[in-house]
There are 4 protein chains.
Amino acid sequence: MGERPAREERRGPDVERAAVPRTRRGQATRERLLAAAREVFAEVGWARARVEDVCRVAGTGHGTFYQYFPNRTALLVALVAQHAGELNALAEAPWTSGDVKSDVHRVIDGFVAVSEQDRDVRVAWAAAAADEPALAALFGEVRRQFVARVHANLAAAVADGRARADLDLEVAAAGLTAMVEHSVALDSAAEPSSRLGRTRLVSGLTDLWVAAVYR
Amino acid sequence: MGERPAREERRGPDVERAAVPRTRRGQATRERLLAAAREVFAEVGWARARVEDVCRVAGTGHGTFYQYFPNRTALLVALVAQHAGELNALAEAPWTSGDVKSDVHRVIDGFVAVSEQDRDVRVAWAAAAADEPALAALFGEVRRQFVARVHANLAAAVADGRARADLDLEVAAAGLTAMVEHSVALDSAAEPSSRLGRTRLVSGLTDLWVAAVYR
Amino acid sequence: MGERPAREERRGPDVERAAVPRTRRGQATRERLLAAAREVFAEVGWARARVEDVCRVAGTGHGTFYQYFPNRTALLVALVAQHAGELNALAEAPWTSGDVKSDVHRVIDGFVAVSEQDRDVRVAWAAAAADEPALAALFGEVRRQFVARVHANLAAAVADGRARADLDLEVAAAGLTAMVEHSVALDSAAEPSSRLGRTRLVSGLTDLWVAAVYR
Amino acid sequence: MGERPAREERRGPDVERAAVPRTRRGQATRERLLAAAREVFAEVGWARARVEDVCRVAGTGHGTFYQYFPNRTALLVALVAQHAGELNALAEAPWTSGDVKSDVHRVIDGFVAVSEQDRDVRVAWAAAAADEPALAALFGEVRRQFVARVHANLAAAVADGRARADLDLEVAAAGLTAMVEHSVALDSAAEPSSRLGRTRLVSGLTDLWVAAVYR
DNA sequence: TATGAATGAGGGTTCATTCAT
DNA sequence: CATGAATGAACCCTCATTCAT
């Protein structure tokens with residue numbers, strides 16, 4: 001295959017360039033940009049969201065952007081960071097409290113809630129992951145956390161006999177997580193008319209999840 | 001040698017520009033381009049795949065590309081069309097033959113097989129769907145077919161008592177399809193070292209699927 | 001430095017891309033581009049005038065052009081607008097003041113003056129009109145104004161007996177206007193050595209015009 | 001001004017490349033191409049007429065074109081040659097036969113007839129003249145012939161007292177020719193609804209012409 | 001003679017990023 | 001801090017012309 005000039009990843013200086021705002025005004029501007037970005041992502045998607053669009057919506061000059069973000073990608077990274085934080089919090093919170101079904105229900109519901117609330121960020125994130133290794137890595141990271149947590153839970157359930165002993169724990173953890181993640185993504189991307197909605201979705205997925213692994 | 005006269009705007013739509021090759025040689029060139037595209041997509045992904053790269057890999061001149069495809073997107077569309085055809089064939093083939101478990105296994109295995117074989121096309125397809133409505137629509141179309149088929153099967157199973165009567169059929173159909181689709185996608189995108197592999201994946205997913213819905 | 005991310009299709013129409021300069025510096029750049037365009041059109045003609053040529057002559061970067069004009073055609077449109085404005089002013093100014101001959105002379109002279117001064121724009125305009133409907137329409141518009149004005153004047157002259165009563169007013173208005181317009185165009189396009197020159201041209205055309213329609 | 005790489009004119013070999021068809025079949029193909037060219041020019045104009053379009057309309061292969069014409073321009077040249085021949089014939093035919101008015105009428109009518117019949121070729125010719133020196137020269141050539149002929153006629157008329165003695169013969173010859181030429185061009189390019197039509201045009205222009213120069 | 005395939009220079013346009021004010 | 005202007009590397013697409021069959 002013809003050699004292709006390696007497209008090298010971004011490098012160091014960028015990081016320092018992202019001056020942390022020192023004044024209240026700066027803080028506000030940065031936040032306006034983030035809010036504008038959400039809007040623009042929602043409207044045209046990550047690939048078509050131009051820095052200038054974001055600035056126009058935010059009501060700032062085009063150059064101002066680079067006072068707060070070293071580059072276009074950093075904008076999404078910032079947004080994703082918040083979202084990822086919430087997801088991680090979810091993954092780390094206690095999952096077991098009462099009966100299995102309500103536990104599963106609570107976790108799935110939490111996931112759906114966070115996902116729907118940050119829907120546009122998630123969509124942009126997923127799209128950008130196809131091209132930005134940094135975002136792809138973060139995406140994988142978050143998922144890995146969830147899968148690990150599910151895995152641990154299932155293992156415990158198997159150990160004390162609540163779950164089937166013949167489960168392939170790894171496949172089950174990955175598969176059930178994938179089911180929830182993708183179902184939510186698809187449903188929130190669907191036409192409003194054919195959307196299942198949070199309630200049914202959460203109940204239905206909980207039902208499948210429980211039936212799939214517990215005795 | 002391309003002497004250019006006064007340049008002017010484009011004419012009609014790109015449609016008829018996609019000449020169907022009329023000779024064996026043309027056919028071969030077109031195929032070389034498609035094969036090259038697969039390679040390039042695999043290497044750099046859809047968004048960064050330049051027409052020129054594809055041509056270099058295919059060993060043709062840059063202009064040759066446009067003898068066979070009206071634009072860059074059409075290349076992916078052509079590749080996707082083949083793949084979608086196989087998926088649809090799968091969705092339309094008979095699904096029930098013997099016992100439930102082996103039926104489910106066969107279908108999932110078929111899906112995984114097709115998906116892995118056209119892995120790069122699927123990845124590019126998904127990435128492009130974020131920006132190309134046509135591809136997004138096709139993506140939805142194919143999934144809808146599968147979900148509908150699953151739905152019908154579950155309904156039949158409920159009717160004759162093989163499946164649980166309290167299933168939310170729509171959520172179940174969508175959720176299980178999502179589980180398989182996403183699990184496969186993620187696994188084939190994972191580091192080779194942490195990949196579960198087709199055998200385990202198919203068995204494990206089959207197990208979950210069967211346990212989730214059948215008595 | 002233009003790092004390009006995933007490229008995608010164009011957005012909305014080019015309209016809002018034509019930023020109006022907000023600073024003196026921007027204003028100056030825009031004007032430099034317009035002046036450069038005149039030069040380039042004069043040298044190589046509309047069809048062969050490349051955006052890059054204009055930028056080189058203007059001493060700006062290639063991208064700068066698109067800060068001020070949404071596309072190559074808009075450059076000509078801007079130039080034409082100024083010129084058309086002057087022509088329309090001419091068509092709307094008072095035409096009658098003293099005796100018929102000096103009135104006609106004044107109008108023709110004004111037209112020739114404006115035409116010669118913007119010679120290159122006119123030539124480019126005419127050339128582009130063959131392919132750009134917008135410019136063709138504007139061309140027709142301006143001419144229509146003139147013809148209408150001539151028509152009205154002739155009608156008045158017929159009414160008060162200064163002009164021949166048997167005139168076909170429409171043909172006369174269109175024909176005499178065409179005579180002046182085309183004579184000027186041809187003369188300014190001719191070899192300098194065989195050019196008739198403004199003085200003779202204006203006198204001679206005035207003479208023909210007067211003799212053709214007045215008693 | 002920035003130097004610009006001289007865009008050199010075409011050169012010798014082209015001429016010999018235009019093989020004269022030796023067989024009846026070849027002759028027919030060539031004519032099909034010419035006829036197709038007229039159609040295409042009429043439909044999309046010279047600048048947008050692609051060689052391939054002409055071939056498609058003619059029903060020949062794309063490569064066939066170059067068996068009969070060395071390049072795209074030659075196609076128009078061939079068409080123009082026929083048309084120019086008719087115009088020259090007109091310019092060389094006897095112009096005086098009876099009374100002045102009917103002579104002028106006859107000549108103008110002949111010109112209009114030829115122009116309307118080859119309307120599309122004339123339009124293409126004029127458009128191409130802006131960019132192709134060869135066609136521009138031919139255009140000037142034909143006009144020069146006409147102007148010279150008009151000039152001679154006017155001179156004779158002045159000599160024998162039929163025309164005004166104070167005429168500026170050169171301006172009159174150029175101006176009246178321009179009037180007819182441009183009036184015809186504009187009228188045939190106008191919306192059918194606002195067209196004056198051959199009859200009125202010829203009568204009206206004849207009237208103006210006669211009044212303008214004859215006693 | 002006829003033809004479809006192949007070519008590649010050419011040129012328009014986009015937009016992230018840098019800079020001077 | 002804020003900003004509008006400037007930049008230029010990318011990259012897509014066109015089409016006259018050449019070539020092999």
Side-chain angles (χ1 to χ4, degrees), chain A residues 17 19 21-23 25-26 29 50-53 55 60-73, chain B residues 1-5 7-11 14 17 19 21-30 48 50-53 55 60-73, chain C residues 1-5 7-11 14 17 19 21-30 48-53 55 60-73, chain D residues 17 19 21-23 25-26 29 50-53 55 60-68 70-73:
Chain A
R17 191 79 63 76
R22 296 188 197 292
T23 69
R25 177 148 72 116
T29 302
R50 299 178 314 157
V51 171
E52 192 173 348
D53 295 333
C55 292
T60 78
H62 188 166
T64 304
F65 180 87
Y66 290 88
Q67 297 265 332
Y68 299 100
F69 302 95
N71 53 53
R72 180 173 170 269
T73 301
Chain B
M1 225 214 311
E3 193 228 304
R4 311 202 83 237
R7 96 205 62 86
E8 296 304 334
E9 318 305 300
R10 192 163 307 113
R11 296 280 301 294
D14 290 329
R17 197 72 63 97
R22 283 184 228 292
T23 67
R24 194 154 302 159
R25 189 177 170 211
Q27 190 54 245
T29 300
R30 194 187 132 99
R48 300 181 124 86
R50 294 181 294 146
V51 171
E52 197 184 330
D53 294 334
C55 293
T60 77
H62 189 163
T64 303
F65 179 87
Y66 292 91
Q67 291 257 330
Y68 300 102
F69 303 96
N71 52 52
R72 180 177 165 270
T73 300
Chain C
M1 224 214 316
E3 194 228 303
R4 311 201 83 236
R7 95 204 66 83
E8 295 303 334
E9 320 304 302
R10 193 164 306 113
R11 297 279 301 297
D14 291 327
R17 199 69 65 93
R22 283 185 229 290
T23 67
R24 196 153 302 155
R25 188 173 167 217
Q27 189 55 243
T29 302
R30 194 186 133 99
R48 300 182 124 88
R50 294 180 295 146
V51 171
E52 199 185 329
D53 294 334
C55 292
T60 78
H62 190 163
T64 302
F65 179 87
Y66 292 91
Q67 290 257 332
Y68 301 103
F69 303 96
N71 52 51
R72 180 175 166 269
T73 300
Chain D
R17 191 81 63 76
R22 295 186 197 294
T23 68
R25 176 148 75 116
T29 301
R50 300 179 312 159
V51 171
E52 191 172 349
D53 295 333
C55 292
T60 78
H62 188 167
T64 305
F65 179 87
Y66 292 87
Q67 298 266 330
Y68 299 100
N71 53 52
R72 181 174 170 270
T73 301

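A, B, ... follow the sequence lines: proteins, then strands. Residue 1 opens every chain.
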Does the side chain of C/Arg30 reach to within under 4.5 Å of the side chain of C/Phe69, using non-hydrogen atoms?
-> yes
Rounded to whole angstrom units, what separation is found between the CD atom of C/Gln27 and the P atom of F/dA6?
-> 11 Å
Determine: side-chain N/O of D/Arg50 to OP1/OP2 of F/dC15, distance under 4.0 Å, yes or no.
-> yes
Closest to the 5' end of DNA chain F, once C/Arg30 and A/Arg25 are matched to their nearest nucleotides, is A/Arg25
Distance from B/Thr29 atom OG1 to B/Arg24 atom CZ, nearest 0.5 Å?
-> 13.0 Å
Non-hydrogen atoms of C/Arg48 and C/Arg72 that approach each other most closely = N-NH2, 4.5 Å
When the distance from CZ of C/Arg48 to C1' of E/dG11 is rounded to whole Å, what number comes out?
-> 13 Å
Taking for each residue the nucleotide of DNA chain F with the nearest heavy atom, is it D/Glu52 or C/Thr29 whose nucleotide lies nearer the 5' end?
-> C/Thr29
Whole-Å gap separating P (E/dT18) and CZ (A/Phe69) | 16 Å
Report yes if a donor N or O on one partner sits less than 3.5 Å from an acceptor N or O on the other, where the partners are the side chain of C/Gln67 and the base of F/dA6; otherwise report no.
-> yes
Let me know the distance between NE2 of A/His62 and P of E/dC15, rounded to the nearest Å.
-> 11 Å
Considering all heavy atoms, the nearest D/Cys55-D/Phe65 contact | SG-CB, 3.7 Å
Describe the nucleic acid contact of A/Gly26 in one word from base, sugar-phosphate, nothing, applying a heavy-atom distance below 4.0 Å.
-> sugar-phosphate
Report yes if at least one side-chain N or O of D/Thr64 is closer than 4.0 Å to OP1 or OP2 of E/dT3; otherwise report no.
-> yes
Output yes when at least one side-chain N/O atom of A/Tyr66 is less than 4.0 Å from OP1 or OP2 of E/dC19, else no.
-> no
Between C/Arg72 and E/dG12, is there a side-chain N or O to OP1/OP2 distance below 4.0 Å?
-> yes
For C/Thr23, which contact category applies under a 4.0 Å heavy-atom criterion: base, sugar-phosphate, or nothing?
-> sugar-phosphate
With DNA chain E as reference, determine whether D/Thr60 or C/Phe65 sits nearer its 5' end, using the nearest nucleotide of each.
-> D/Thr60
Mind checking who E/dA5 pairs with, Watson-Crick or G-U wobble, both distances under 3.5 Å?
-> F/dT18
How many Å lie between OH on A/Tyr68 and P on E/dT18, as a whole number?
-> 17 Å
What pair of heavy atoms forms the shortest contact from B/Tyr68 to B/Gly26, and how long is it?
-> OH-CA, 3.2 Å
